[in-house]
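Dumping the structure here so I can ask a few things about it.
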Amino acid sequence: MPEADEVDDEEEMPLSLRLSIADTLTLGNATCGFMAVYFTTTGILIPHLTGNDESTGMARHSAATAVILMLCAAVFDLFDGLVARKLRSSPMGAELDNLSDLISFGLAPAYFVLVYGMVADDAHQRVAAVGAIVVLLAVVLRLARFSCVTVKDGTFQGMPSPFGALTVVSIVLLELPFVATLMAIIGTAWLMVSRVEYPKPRGRLAVAMLSWIVLSMGLLAAWAFDAPSGQLLLQTGCALQLVMGAVIPLFATARRVNNFRDNRREARAAQLP
């Protein structure tokens, strides 16, 4: 009988490791993050280190491609959760999601910041490296807390890592002075590990987020191919990304304050004779 139980366990093991559709989307997320690092290295860092003076156009194309890949990773991250809720996810689903998010929204944007510190004229490489480490650790801590802490349904505690990653690269693409860029990056990292509430992208909000990602891809493509006003359009999109990162939690905070006031009014009304 014990031998029969061992055989059954061995037959059931592959079933628990079988990938679902949601898991496949999650792996697509990780692949996009890795390829973003690849294009950042081959198209921006290596030409800079080799002193290729004719690499400006290639660097622009590679930077746009890297950010578009991060946007694609955000799309995969958005849909793998929806598919997992509608269909099913394997027992590895949550772990795969965290590991993929770490690559696409932790390593890729942190590496983008690091390379920025090496190629920008007014940047300081070692200080930029510190900023990159802060971004990476913020995402690590945020993902670890997400796995351990239960929050109320419909909200995230802290800026979601995909939104944080896109905000970080938007700050870099704005080409602000180095000190302002570094402070904004550190501020974004703080928002990711803070207790500020962000709504989960569901329903209309998910559609709005997907539309914004598609629009951002278009802005990046226009900038990469040097379209008329492409630089202005890209900077406008990056500025809107920063504004949304700061404004969205204000709405959540205002809603929480209003709910608190309504509860106090109801409590006072219940105490009246």
Side-chain angles (χ1 to χ4, degrees), residues 24-80 96 99-121 123 125 128-129 131-136 138-140 161-176 178 181 185 188-189 210 212-227 230-231 233-235 237-238 241:
T24 305
L25 294 174
T26 303
L27 294 178
N29 171 6
T31 303
C32 288
F34 174 78
M35 293 305 296
V37 173
Y38 169 79
F39 279 100
T40 304
T41 303
T42 58
I44 303 175
L45 181 59
I46 292 179
H48 173 75
L49 294 177
T50 56
N52 187 357
D53 297 331
E54 300 178 356
S55 62
T56 303
M58 183 174 65
R60 178 179 295 184
H61 282 78
S62 298
T65 302
V67 180
I68 287 174
L69 284 165
M70 294 184 213
L71 289 166
C72 291
V75 173
F76 280 119
D77 186 62
L78 176 65
F79 278 101
D80 68 0
L96 285 175
L99 293 172
S100 298
D101 287 354
L102 180 58
I103 296 171
S104 299
F105 312 126
L107 175 62
Y111 187 71
F112 199 81
V113 172
L114 180 65
V115 173
Y116 154 74
M118 299 176 68
V119 303
D121 295 332
Q125 180 176 340
I133 292 172
V134 169
V135 171
L136 179 63
V139 175
V140 170
S161 53
F163 199 87
L166 300 180
T167 303
V168 167
V169 297
S170 296
I171 294 168
V172 174
L173 293 175
L174 273 175
E175 298 182 355
L176 300 171
F178 177 72
T181 299
I185 288 173
T188 303
L210 184 60
W212 173 248
I213 289 174
V214 173
L215 177 61
S216 299
M217 290 180 179
L219 296 176
L220 285 162
W223 172 69
F225 291 100
D226 203 15
Q231 181 73 22
L233 290 172
L234 178 68
Q235 290 180 343
C238 292
Q241 177 72 28

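Bear in mind the structure is a predicted one, so any value in this text is a computation, not a measurement.
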Polar side-chain atom of T188 near backbone of V168 as donor-acceptor pair, under 3.5 Å: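 No, T188 side chain to V168 backbone: no donor-acceptor pair under 3.5 Å.
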
Gap separating the CG atom of L219 from the CG atom of L233, nearest 0.5 angstrom: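 So the CG of L219 and the CG of L233 are separated by 6.0 Å.
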
Close side-chain approach of L173 to W223, heavy-atom, < 4.5 Å: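 In short, these two side chains touch, coming nearer than 4.5 Å.
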
Contacts table for residues 70-79: side-chain donor-acceptor under 3.5 angstrom, sequence neighbours left out:
none

Nearest heavy atoms of L69 and A36, plus distance in Å: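 Scanning both residues, the minimum pair turns out to be CD1-N, 3.6 Å.
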
Donor-acceptor under 3.5 Å (S100 side chain, T26 main chain):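 Checked: pair present.
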
Qualifying residues under side-chain contact (heavy atoms from CB on, under 4.5 Å), relative to S62, sequence neighbours excluded: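 So S62 forms a side-chain contact (heavy atoms from CB on, under 4.5 Å) with I44, M58.
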
Closest non-hydrogen atom pair, L220 against A64: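 Heavy atoms of L220 and A64 come nearest at O-CB, 3.8 Å.
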
Gap separating the OG1 atom of T65 from the CZ atom of R60, nearest 0.5 angstrom: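 So the OG1 of T65 and the CZ of R60 are separated by 12.5 Å.
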
Point-to-point distance, once rounded to the nearest 0.5 Å, from CG of D101 to CG of L96: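 If I round to the nearest 0.5 Å, the distance is 10.5 Å.
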
Atom of L166, atom of V169 and distance for their closest heavy-atom approach: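 Here L166 and V169 meet closest at O-CG2, 3.2 Å.
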
Spacing of F39 atom CZ and H61 atom NE2 [to the nearest 0.5 Å]: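 Between F39 CZ and H61 NE2, I get 11.5 Å after rounding to 0.5 Å.
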
Pair up each side-chain donor or acceptor in residues 107-121 with any protein partner under 3.5 Å, not counting sequence neighbours, and list the distances.
residue	atom	partner	partner atom	Å
Y111	OH	T41	OG1	2.6

Other residues, nucleotides, ligands: >12 heavy atoms within 6.0 Å of F178 CZ: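 More than 12 within 6.0 Å, yes.
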
Approximate separation, where rounding is to 0.5 Å, of T50 OG1 and L45 CG: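 Reported value, rounded in 0.5 Å steps: 9.0 Å.
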
Single hit among V172, V134, T167 for side-chain contact (heavy atoms from CB on, under 4.5 Å) with I185: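 It is V172, the one option of V172, V134, T167 that forms the side-chain contact (heavy atoms from CB on, under 4.5 Å) with I185.
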
